[in-house]
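Scroll down for the structure; my scribbles are underneath it.
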Number of protein chains: 2
Amino acid sequence: MLNERSLSPQQDCEDCPIRHRAVCARCETDELRKLEEIKFYRRFEAGSHVIWCGDRMDFVGSVISGIGTLTQTLEDGRTQMVGLLLPSDFIGRPGRDEAAYDVIATTDLVMCCFRKKPFESMLAKTPHIAHRLLEMTLDELDAARDWMIVLGRKSAREKIASLLSIIARRDASLHMRRIEGPLAFDLPLTREAMADYLGLTLETVSRQISALKRDGVIELEGKRHVTVPDMARLMEEAGDDADGGMLV
Amino acid sequence: MLNERSLSPQQDCEDCPIRHRAVCARCETDELRKLEEIKFYRRFEAGSHVIWCGDRMDFVGSVISGIGTLTQTLEDGRTQMVGLLLPSDFIGRPGRDEAAYDVIATTDLVMCCFRKKPFESMLAKTPHIAHRLLEMTLDELDAARDWMIVLGRKSAREKIASLLSIIARRDASLHMRRIEGPLAFDLPLTREAMADYLGLTLETVSRQISALKRDGVIELEGKRHVTVPDMARLMEEAGDDADGGMLV
DNA sequence: TCCCCCGGTTGATCTGTGTCAATGTAGCAC
DNA sequence: GTGCTACATTGACACAGATCAACCGGGGGA
């Protein structure tokens with residue numbers, strides 16, 4: 001594991017968003033206190049691999065801060081991102097030894113981890129947490145399936161709008177903001193990473209971002225700082241019905 | 001629910017493949033006997049909806065025979081299949097009330113069902129089964145993510161080869177056949193359904209199937225009966241490395 | 001029997017996105 | 001400051017796959 005080191009013990013679940021709390025917190029129930037004893041923190045530098053596909057995974061954990069990606073690569077080098085890892089997201093699969101995908105930190109990334117063995121034996125004794133984990137896995141499955149319609153049926157412009165819409169909403173909920181009025185956030189991904197997520201080339205991503213800017217759907221400050229003046233407009237561009245759908 | 005009726009009680013887990021057994025069987029452990037008491041069968045006619053997206057789902061269950069699809073539809077009519085439902089696959093999500101996708105029987109379909117409430121309370125008391133369900137959900141998540149690289153990065157020809165390869169292997173394992181030597185099976189999907197799964201148009205599907213036939217990768221008898229003379233060749237066309245990968 | 005409809009195939013043409021290449025720009029080392 | 005590198009933008013052109021349209025063949029109903 002690259003660039004790993006312990007963080008100060010002061011950091012605890014107070015800074016974990018809701019979903020993270022479910023597996024990390026010392027809150028809610030006495031049972032969860034047990035987790036405190038096997039919990040530790042890891043930091044990964046931007047660009048480093050959290051885990052390589054096929055490697056043995058000896059920990060599970062959730063993201064405290066920073067952004068990561070789950071990616072898959074064909075022999076000829078084509079790559080497809082299969083998931084974004086945003087604060088509060090969980091990785092690690094009880095019962096599996098090998099990682100199914102590369103997990104890469106795209107920004108500096110701090111994770112709250114548990115060694116796999118003790119986590120699993122704790123799971124077996126704590127149905128409440130096991131149930132929570134099943135729910136989280138079902139959420140991920142929904143998100144993965146929702147992404148399929150983006151990959152399979154949406155145009156390049158709609159794909160970009162979908163991605164921006166997801167990032168904007170996740171960012172807003174992280175900061176406990178309502179999604180009315182203008183939203184501003186930093187793109188945590190390069191154009192190339194966006195392309196890998198959307199099944200496009202980086203040139204097409206760049207062109208479509210320019211087009212959305214030209215059409216006033218978004219505003220850009222530098223390459224990465226985005227302002228969305230009208231979230232409803234963006235979601236319309238994404239091709240979703242404005243109320244429902246689109247997890248992650 | 002359309003076209004539903006009970007089947008004879010003689011039908012039981014003897015005819016369920018392995019994964020199905022895990023939640024359906026009266027075998028393995030005493031705990032599982034409890035399931036016998038809340039189990040029932042349903043049949044759905046080809047073309048009918050097993051469940052509509054957004055509807056209340058009051059049962060869970062797994063497929064005994066026949067083929068179904070999970071599909072999602074945009075307002076403008078574009079549809080994307082997000083999952084295939086083959087014998088031994090499970091649907092239903094503990095803790096969720098509403099179906100997230102349309103589930104459609106593409107052939108006559110027999111399912112082994114459990115009413116949701118009693119199934120869930122049984123789950124809570126039977127960690128062994130809950131754990132199995134988590135594993136199955138993780139399998140589905142892997143399959144969904146593996147499909148993303150097909151949707152996002154593969155050419156039309158590779159997509160068709162990927163789909164044929166999956167169906168061939170699932171069919172072979174259902175009949176306990178080794179995948180060496182020629183494999184023959186019936187396509188359970190129309191060209192249009194294949195297109196919806198692959199993010200293509202039905203014309204492109206038809207053309208690529210013709211091309212694979214012309215190139216000797218597959219043989220066709222009628223429109224639906226496929227023979228794969230050389231599975232390794234097909235998987236090469238699919239762009240997978242022949243050994244690993246590609247679940248479902 | 002005929003006819004119609006559904007699923008499928010094939011052809012002609014159009015277009016969105018990929019590909020290749022040139023250029024711009026910010027940050028960092030020296 | 002200069003030069004270097006990584007990231008991003010833009011243009012010209014090619015091509016895979018979409019679109020539109022004609023046609024085929026088999027099964028079921030009248």
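Here is how names work: the chains are called A, B, and so on, in the same order as the sequence lines, proteins then strands, and each is numbered from 1.
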>> I want to confirm an ordering. Mapping A/Lys223 and A/Gln208 to their closest nucleotides on DNA chain C, which one lands closer to the 5' end?
In response: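 Between the two, 5'-proximity favours A/Gln208.
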> For B/Arg214 and B/Ser210, does a side-chain donor sit closer than 3.5 Å to a side-chain acceptor?
Replying inline: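 Distance-only check fails for B/Arg214 and B/Ser210.
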> Do A/Asp102 and A/Gln72 get their side chains close enough for a donor-acceptor pair, meaning under 3.5 Å?
Replying inline: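 Looking only at side-chain atoms, A/Gln72 and A/Asp102 do not form any donor-acceptor pair under 3.5 Å.
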Between the side chains of [Y] and [X], is the shortest nitrogen-to-carboxylate-oxygen separation below 4.0 Å, so that they form an ion pair?
X	Y	value
A/Lys223	A/Asp186	no
B/Arg191	B/Asp196	no
A/Arg233	A/Glu237	yes

Mind calculating the distance between [atom1] ([X]) and [atom2] ([N]) to the nearest angstrom?
X	N	atom1	atom2	value
B/Leu202	C/dG8	CG	P	8 Å
A/Leu151	C/dT17	CG	C1'	15 Å
B/Leu187	C/dG7	CG	C1'	13 Å
B/Asp196	C/dG7	CG	P	13 Å
B/Leu198	D/dA18	CG	C1'	15 Å
A/Ile209	D/dC7	CD1	C1'	12 Å
A/His225	D/dA8	NE2	C1'	18 Å
A/Arg78	D/dA16	CZ	C1'	13 Å

>> salt bridge (charged side-chain N to carboxylate O under 4.0 Å, His left out), that's the test. Do B/Arg93 and A/Asp139 meet it? Break it down for me.
In response: CA-CA 10 Å; B/Arg93 17 196 64 203; A/Asp139 281 343; over 6 Å; no
>> Checking B/Thr69 now: which residues fulfil side-chain contact (heavy atoms from CB on, under 4.5 Å) with it, not counting sequence neighbours?
In response: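 Testing B/Thr69 for side-chain contact (heavy atoms from CB on, under 4.5 Å), a comparison that skips the adjacent residues, returns B/Thr71, B/Met81, B/Leu84, B/Ile104, B/Thr106, B/Leu189.
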> Near DNA chain D, under 4.0 Å by heavy atom, which residues of residues 214-222 of chain A?
Replying inline: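 Residues of residues 214-222 of chain A under 4.0 Å from DNA chain D: none.
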> Nearest heavy-atom pair of B/Gly66 and B/Leu109: which atoms, and what distance?
Replying inline: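 Closest pair (atom of B/Gly66, atom of B/Leu109, distance): C-CD1, 3.5 Å.
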> Got a sec, which residues hit side-chain hydrogen bond (donor to acceptor under 3.5 Å, both in side chains) with A/Thr137, two or more places apart in sequence or on another chain?
Replying inline: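 side-chain hydrogen bond (donor to acceptor under 3.5 Å, both in side chains) check on A/Thr137 returns nothing, list empty.
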>> Run the side-chain hydrogen bond (donor to acceptor under 3.5 Å, both in side chains) test against B/Arg78 and tell me which residues pass, sequence neighbours left out.
In response: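 With neighbours one apart ignored, the set is A/Glu158, B/Asp76.
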> Does B/Arg224 put a side-chain nitrogen or oxygen below 4.0 Å from OP1 or OP2 of C/dG8?
Replying inline: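 True: B/Arg224 side-chain N/O within range (under 4.0 Å) of C/dG8 OP1/OP2.
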Short heteroatom pairs, N/O only, protein and nucleotides 18-20 of chain C, under 3.5 Å:
{"unit_1": "C/dG18", "atom_1": "OP2", "unit_2": "A/Thr201", "atom_2": "N", "d": "3.3"}
{"unit_1": "C/dG18", "atom_1": "OP2", "unit_2": "A/Thr201", "atom_2": "OG1", "d": "3.1"}
{"unit_1": "C/dG18", "atom_1": "OP2", "unit_2": "A/Thr204", "atom_2": "OG1", "d": "2.4"}
{"unit_1": "C/dT19", "atom_1": "O4", "unit_2": "A/Arg207", "atom_2": "NH2", "d": "2.8"}
{"unit_1": "C/dC20", "atom_1": "N4", "unit_2": "A/Glu203", "atom_2": "OE2", "d": "3.2"}

> Checking all strands, does B/Arg157 fall into the base, sugar-phosphate, or nothing category for heavy-atom contacts under 4.0 angstrom?
Replying inline: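 B/Arg157: no heavy atom of the nucleic acid under 4.0 Å.
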> Short question: side chain of A/Glu140, backbone of B/Leu141 - any donor-acceptor pair under 3.5 Å?
Replying inline: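 No.
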> Considering the terminal five base pairs at each end of the helix from C/dT1-D/dA30 to C/dC30-D/dG1, what angle separates the two local helix axes, rounded to 10°?
Replying inline: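 Nearest ten degrees gives 30° for this helix.
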> Of the candidate nucleotides D/dA8, C/dG7, D/dT9, which contains the atom at the shortest distance from the side chain of A/Ser210?
Replying inline: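 Of the candidates, D/dT9 comes closest.
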> Between A/Ser165 and A/Ser162, is a side chain to side chain donor-acceptor pair (under 3.5 Å) present by the stated rule, with each step listed?
Replying inline: CA-CA 5 Å; A/Ser165 162; A/Ser162 297; over 6 Å; no
